[in-house]
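Here the structure is a predicted model, which is why all the values come from computation and not from measurement. This chain uses plain numbering: 1 for the first residue, then up along the sequence. When a ligand or atom number is given, it counts from 1 through the structure's own listing order.
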Amino acid sequence: MDLGNEAYLRSILDSVPDAMIVIDDAGRIISFSSAAERMFGYIEAELIGENVSTLMPSPDRERHDMYLNRYLVTSERRIIGIGRVTTARRRDGSTFPIELSVGEALFGPRRVYTGFIRDLTERQRTELRLHDLQDALTHVSRVTAMGTLATSIAHELNQPLTAVTNYVQTASDMLADPDPDKIALVREALDECATQTIRAGQIVRRLRDFISRGETERQIVELPRLVSEASALAFVGVGGRSVEFNVQIDPTAELLLVDRIQIQQVLLNLIRNAIEAMEKVHLKRLELSSQPGRDGFVQVIVADSGPGLAPEVAEQLFQPFTTTKAAGMGLGLSICRTIVEAHGGKIWAEPSRLGGTAFHFTLPEAEIRDDE
Ligand code: ADP
C-alpha cells in the first residue's frame, strides 16, 4: 500500500469512535488508532512491536499467546467473528469493561488480526444501576418468601416442641412422687419425646432440602472466563479502581461443571464483599486463585487485604441476616453457601495471607478436557 493511500485510510479510521488495534500472528501490535490512544493512555509509537497482551489484565495477559497459537493450530474460532465482552487494562494499570470484536485478514502469506474495541464503562454503569434495582427487588421478594417460609416452619416445629414439653412435664411430675408402678409410664413419655424430637429434625431437614433444591443447570465452564465476567461486573462503580486485582488460576483446575449464573453470583458476592471490606484500608489487594482439590473438586479462593472478619460475625458468617453493614441485608454469604452446597461443595473463611480474609469454596471439576 503506498503512503498516500495509507494516510488517507488512517484519517478515515481515526474518525471511528471505537478503538482499532491491528496485530500480527505473533500478537505484536502493528497499528494503534487515535481512539485507542485515548482509551488506553498510550501513544502508538510506544506500542508498535509490543505484545497486545500488555493491554489485558490477568489471566488473559498470560494466556493470549496460547489463545493465538491455539487458533493457528486448530482454526477453531472462539472470538474471531464472534466478539465478546471482556476487560481491558489502561497504561496506569486500571481496568475497564469493553466489547471486543476481532476480524482476520490475509495479506499474501501474512495473517493479521484487527480488534475493534468499545468502552462499556458508561453502559455498564447504567446496567449496573438497573441491576442494583433488580437486586433490591429480588432481595425484597426473597425476604418475603423467607418470611413466609419461616412462619410455616415455626408453626410446624411448634407442634413437636409443645408435645415434648408436655411429655417432659408429665414425666417430671410422675418422678416427683416416685412410684415403681409409674416407671413404665415415665418411660413411655420419654420414648414419645424422642419420637417428637426426630420429627422436629425431619422438618428441619425438609427445609434444608427445599432451599437447596433450586434449579441448577450444569455445564462445563472455564473458570478464567467466569472470573473475568464476574469481576468486570463487580468492579464497576464501587471504587474498585484502586484495588490491585490478581488472578492465579491453576491450569489443572480451571474446568468446572457448574451452573454458570449461580457461580457468577457467588464470585460477584465475594468480590463485592472484599472490595467493601477494603474501603478504609490503604493497601487494597484482591487475589483470586484456584487449585486442584480432593475427590474431583476444585478449590477457589478469594483473598483480600482488608481488616479481617469482625468477631461478632465470624461465628455465624453464613447464616442469613448476619451483617455488620448499616445497609447490609446479611444474605450474600448465606446465598453463596446455598449455591455452593447445591453443587456438592463447601465454603468457609480463613485469615488470608494478604492480611485480611480469604473465602475458600469447592466446586465439581469437569472431567473432560478439550485439547488445548
Ligand atoms: P452483607 O454484605 O449484606 O452484610 P453478607 O452475608 O455478604 O451480607 O456478609 C455478612 C458479613 O460478613 C458482612 O456484613 C461483613 O461483616 C462480613 N464479611 C463478608 N465478607 C467479608 C470480607 N471479605 N472481609 C471482612 N468481613 C467480611
Side-chain angles (χ1 to χ4, degrees), residues 128-129 131-147 149-150 207-208 211-212 214 226-227 230-231 233-248 261-290 299-343 345-363:
L128 203 76
R129 272 197 291 274
H131 193 263
D132 278 352
L133 210 65
Q134 212 160 33
D135 244 21
L137 282 176
T138 13
H139 262 157
V140 172
S141 60
R142 207 180 284 133
V143 172
T144 319
M146 280 175 99
L149 197 65
L207 168 69
R208 215 182 287 140
I211 291 174
S212 61
L226 210 57
V227 168
S231 54
L233 257 180
F235 274 90
V236 180
V238 284
R241 265 199 177 203
S242 49
V243 175
E244 183 191 321
F245 184 44
N246 211 330
V247 180
Q248 283 186 345
I261 304 291
Q262 292 190 343
I263 300 306
Q264 245 179 32
Q265 179 80 34
V266 171
L267 287 169
L268 190 68
N269 272 333
L270 296 180
I271 297 175
R272 280 264 177 92
N273 271 349
I275 296 173
E276 283 172 16
M278 293 190 290
E279 205 175 4
K280 294 206 174 72
V281 299
H282 182 61
L283 190 69
K284 301 176 200 288
R285 289 175 66 199
L286 180 62
E287 191 177 285
L288 207 148
S289 54
S290 80
Q299 189 178 135
V300 185
I301 305 163
V302 181
D304 65 56
S305 63
L309 295 173
E312 70 269 24
V313 297
E315 284 288 307
Q316 50 211 358
L317 205 53
F318 298 97
Q319 304 294 331
F321 311 118
T322 297
T323 183
T324 51
K325 296 171 196 166
M329 293 286 299
L331 285 177
L333 290 177
S334 79
I335 291 169
C336 289
R337 186 176 71 169
T338 307
I339 294 175
V340 170
E341 290 182 353
H343 282 80
K346 290 195 179 63
I347 182 166
W348 68 98
E350 283 179 17
S352 126
R353 57 183 182 82
L354 300 178
T357 317
F359 281 87
H360 297 240
F361 58 97
T362 56
L363 290 173

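- Counting only heavy atoms from C-beta outward, the side chains of Ile301 and Gln299 approach each other to under 4.5 Å.
- Using modelled atom types, no side-chain atom of Ser352 and backbone atom of Ala358 make a donor-acceptor pair closer than 3.5 Å.
- Both the backbone and the side chain of Thr323 come within contact range of ligand 1, each with a heavy atom under 4.0 Å.
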Original post:
Would Glu287 and Arg353 satisfy salt bridge (charged side-chain N to carboxylate O under 4.0 Å, His left out), going step by step from the backbone distance to the final call?
Top reply: CA-CA 10 Å; Glu287 191 177 285; Arg353 57 183 182 82; 2.8 Å; yes
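- The shortest separation from a heavy atom of Leu317 to ligand 1 is under 4.0 Å, placing the residue in contact.
- For ligand 1 and Ala277, the ligand atoms under 4.0 Å from any heavy atom of the residue are 22 (C), 24 (N), 25 (C).
- Counting protein heavy atoms only, atom 14 (O) of ligand 1 is closest to Thr324 N, 2.9 Å.
- Distance alone, capped at 3.5 Å, places no donor-acceptor pair between the Thr322 side chain and the Leu317 backbone.
- Atom 5 (P) of ligand 1 has its closest protein heavy atom at Leu333 N, 3.6 Å.
- Within a 6.0 Å sphere centred on CD of Glu312, other residues, nucleotides and ligands contribute more than 12 heavy atoms.
- The protein non-hydrogen atom at the shortest distance from atom 1 (P) of ligand 1 is Gly330 N, 3.7 Å.
- Nearest protein heavy-atom contact of atom 21 (C) of ligand 1 is Phe359 CE1, 3.9 Å.
- Relative orientation of the Phe359 and Phe318 rings is perpendicular, given thresholds of 30° and 60° on the angle between their planes.
- The closest approach between any non-hydrogen atom of Gly308 and ligand 1 is below 4.0 Å.
- Remark: the backbone N or O of Lys346 is paired with a side-chain donor or acceptor of Thr362 at under 3.5 angstrom.
- For atom 26 (N) of ligand 1, the closest non-hydrogen atom of the protein is Leu309 CD2, 3.4 Å.
- The Gly332 neighbourhood of ligand 1 comprises atoms 5 (P), 6 (O), 7 (O), 8 (O), with distances under 4.0 Å to a heavy atom of that residue.
- Under the 3.5 Å distance criterion, the side-chain polar atoms of Lys284 are left unmatched by any main-chain donor or acceptor of Glu244.
- By the 4.0 Å heavy-atom criterion, Phe318 is excluded from the residues contacting ligand 1.
- Looking only at protein heavy atoms, the nearest one to atom 2 (O) of ligand 1 is Lys325 NZ, 2.7 Å.
- Each of the following atoms of ligand 1 lies closer than 4.0 Å to a heavy atom of Thr322: 10 (C), 11 (C).
- Checking side-chain atoms of Asp304 against main-chain N and O of Thr357 turns up a donor-acceptor pair under 3.5 Å.
- With a 4.0 Å heavy-atom cut-off, ligand 1 is reached by no atom of Asn269.
- For Glu279, the CD atom counts as loosely surrounded, since its 6.0 Å shell holds 12 or fewer non-hydrogen atoms of other residues, nucleotides or ligands.
- Looking from atom 7 (O) of ligand 1 to the surrounding protein, the closest heavy atom is Asn273 ND2, 2.9 Å.
- Residue contacts with ligand 1: Asp304 is placed with a nitrogen or oxygen under 3.5 Å of a nitrogen or oxygen of the ligand (distance criterion only).
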